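Quantities reported herein were computed from a predicted structural model and do not represent experimental measurements. For reference, positions follow the sequence shown, starting with 1.
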Amino acid sequence: MTYKTKFTRLLALCMLAGLYLSQTVAAQAPATHDEEIHKMVNEVSADNLRTLVEKMVSFETRHSLSSTTDKKRGIGAAREWVKSEFEKYAKASNGRMTVDMDRYTVKGDGRRIPQDVEMANVVATLKGTDPNDDRVIIVAGHLDSRATDVMDAKSKAPGANDDASGVAIVMEMARVMASRQFPATLVFVAFQGEEQGLYGSRHMAERVKKEGWNLVAVLNNDIVGNSYSAEMGIHDNTRVRVFSEATPSNETEEQARLRRTLGSENDGPSRNLARYMKMTGEAYVDQIEVVLGYRPDRFLRGGDHTPFNQQGYAAVRMSEMNEDFDHQHQDVRKENGKQYGDLTEFMDFEYLRKNTAVNLATMANLGRAPHAPEKVGVLTANLTNKTDLKWDAPAKGKKPAGYYILMRETSSQTWDKKFFVKDTKVTLPYSKDNYFFAVQAADELGHTSLPVLPVPVRQ
């Protein structure tokens, strides 16, 4: 390469950098952290989480077909206790948190439901402070438990990790967040009926659809409190998995055609919610890596986020990195000196604290963010090696302080770069052939909406 060629290329790079600087860095980016969210994260207590799990275990079984009238044993007693705890937390909310036992009847199916049975989800709702903000965010776990036989409603089924751990996350978040203010409405749910067939989450997903909620995210937590796998000999409390579907379950023919055209099969709303959880959680919580599982759930398995996916909502599942199957779906027993059963002694509450904090940071950041930008498009009228993006400001909620443009190579798992702009359009010196882009709305404290991918716009 000649000196002249090198100089020409260097000059071209400088010109591109100047274009980038003039349209991005020149705008003052918001703060990257909210100190109030840091405070909430630090208030999450491993001791509180242990106390919550131990109390749920004390009901001996929380099988969905167990007693609903016994005051000390069974699913009925467990539901009432969760409700009473939510009501205690609600006292700090100045009337904004309400608590409900959402009852529903499941018809006997001759399989896991032998006859009609009444079930109930326990729901705490923290009403948003902005009357013009109709967004709803749900965090959930399932209260019911099981022994080896999924139809055994009488044997001990402590369900410490599956899924008292997930319900403990929900309850501890409700305790910490009840006294705080969020423009969006936050909903904390303990589902019933997961082990018998996702009945509680299906009931709620159908209710959400029927009532027309503006549900922007569901964070489902199931089996999140164990950091040790005896089978693999692995002890790891620094990583947690988040699973997400790639493309929406209710994708239309037109949406499928556009997805195939753009090659955006890895960019459905749930997949980008998972990326958001990784970016936000790792920013606020030390010594945790959110590992993105690029499938809807673990291999051939499912969870309470699935019915929400089926209704078209962005929903993800958090689960521990290494499951211990000696202590999951097992009768409590000893064999050859080895203890089986889902018992509290096999959990890691510091690990559960970090996983709770990831959920809290995600929900709080999203709950305080502006609405997402609208009509996000990439201009395609001209062939060019640059990328022209444009969008509309959100029609509802507070006015954004600006917008982040997210960018990653087509082979990258996560967003590699982000640029801040105050306008609702930008030209970037990066080719849309080689990168995916998305746009987030941001406020002055750095709270960001979920990313919105652009669609082609000819003009």
Test salt bridge (Lys or Arg N to Asp or Glu O under 4.0 Å) applied to Arg180 and Glu43, step by step: CA-CA 13 Å; Arg180 269 72 178 211; Glu43 287 176 23; 2.8 Å; yes

Worked check of side-chain hydrogen bond (donor to acceptor under 3.5 Å, both in side chains) between Asp152 and Ser155: CA-CA 6 Å; Asp152 182 355; Ser155 296; 2.6 Å; yes

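In this model, no donor atom of one side chain and acceptor atom of the other lie less than 3.5 Å apart for Thr414 and Arg275. A donor atom on one side chain and an acceptor atom on the other are not found under 3.5 Å apart for Asn322 and Asp236. A side-chain donor-acceptor contact under 3.5 Å links Ser249 and Glu245.
A ring-ring contact (aromatic ring centres under 6.0 Å, His included) with Tyr404 is found for one member of Phe437, Phe420, Phe419, Trp391 and no other, namely Phe420. Under the salt bridge (charged side-chain N to carboxylate O under 4.0 Å, His left out) rule, Arg241 has a single partner from Glu289, Glu320, Glu323, which is Glu323. Just one residue in the list Asp163, Asp297, Asp304 forms a salt bridge (charged side-chain N to carboxylate O under 4.0 Å, His left out) with Arg317, and that residue is Asp297. Considering His327, His329, Gln330 in turn, His329 is the only one that fulfils the side chain to side chain donor-acceptor pair (under 3.5 Å) rule with Asp162.
Residues satisfying the salt bridge (Lys or Arg N to Asp or Glu O under 4.0 Å) criterion with Arg112, sequence neighbours excluded, are absent altogether. Residues passing the salt bridge (Lys or Arg N to Asp or Glu O under 4.0 Å) test with Lys88, sequence neighbours excluded: Glu85.
Between His203 and Tyr104, the angle of the ring planes stays under 30°, which puts this pair in the parallel group of the 30/60° scheme. Ring-plane geometry between His33 and Tyr284 is classed as perpendicular, the angle between the planes exceeding 60 degrees on a 0 to 90 degree scale with a lower cut at 30. Ring planes of Phe86 and Tyr89: perpendicular class, angle over 60° (limits at 30 and 60°).
In this structure, Gln192 contributes its side chain and Leu143 its backbone to no donor-acceptor pair below 3.5 Å. Remark: the backbone N or O of Glu194 is paired with a side-chain donor or acceptor of Asp144 at under 3.5 angstrom.
Rounded to the nearest 0.5 Å, atoms CG (Asn272) and CH2 (Trp415) are 5.5 Å apart. Here CE of Met363 is found 11.0 Å from CE of Met40. Values are rounded to the nearest 0.5 Å.
Summarising the local packing, NZ of Lys209 is surrounded by more than 12 heavy atoms from other residues, nucleotides or ligands at distances under 6.0 Å.
Among pairs with a residue in residues 137-191, none fulfils ring-ring contact (aromatic ring centres under 6.0 Å, His included), at least two apart in sequence or across chains.
With respect to Asp331 and Arg333, no salt bridge is recorded, no charged nitrogen being found less than 4.0 Å from a carboxylate O.
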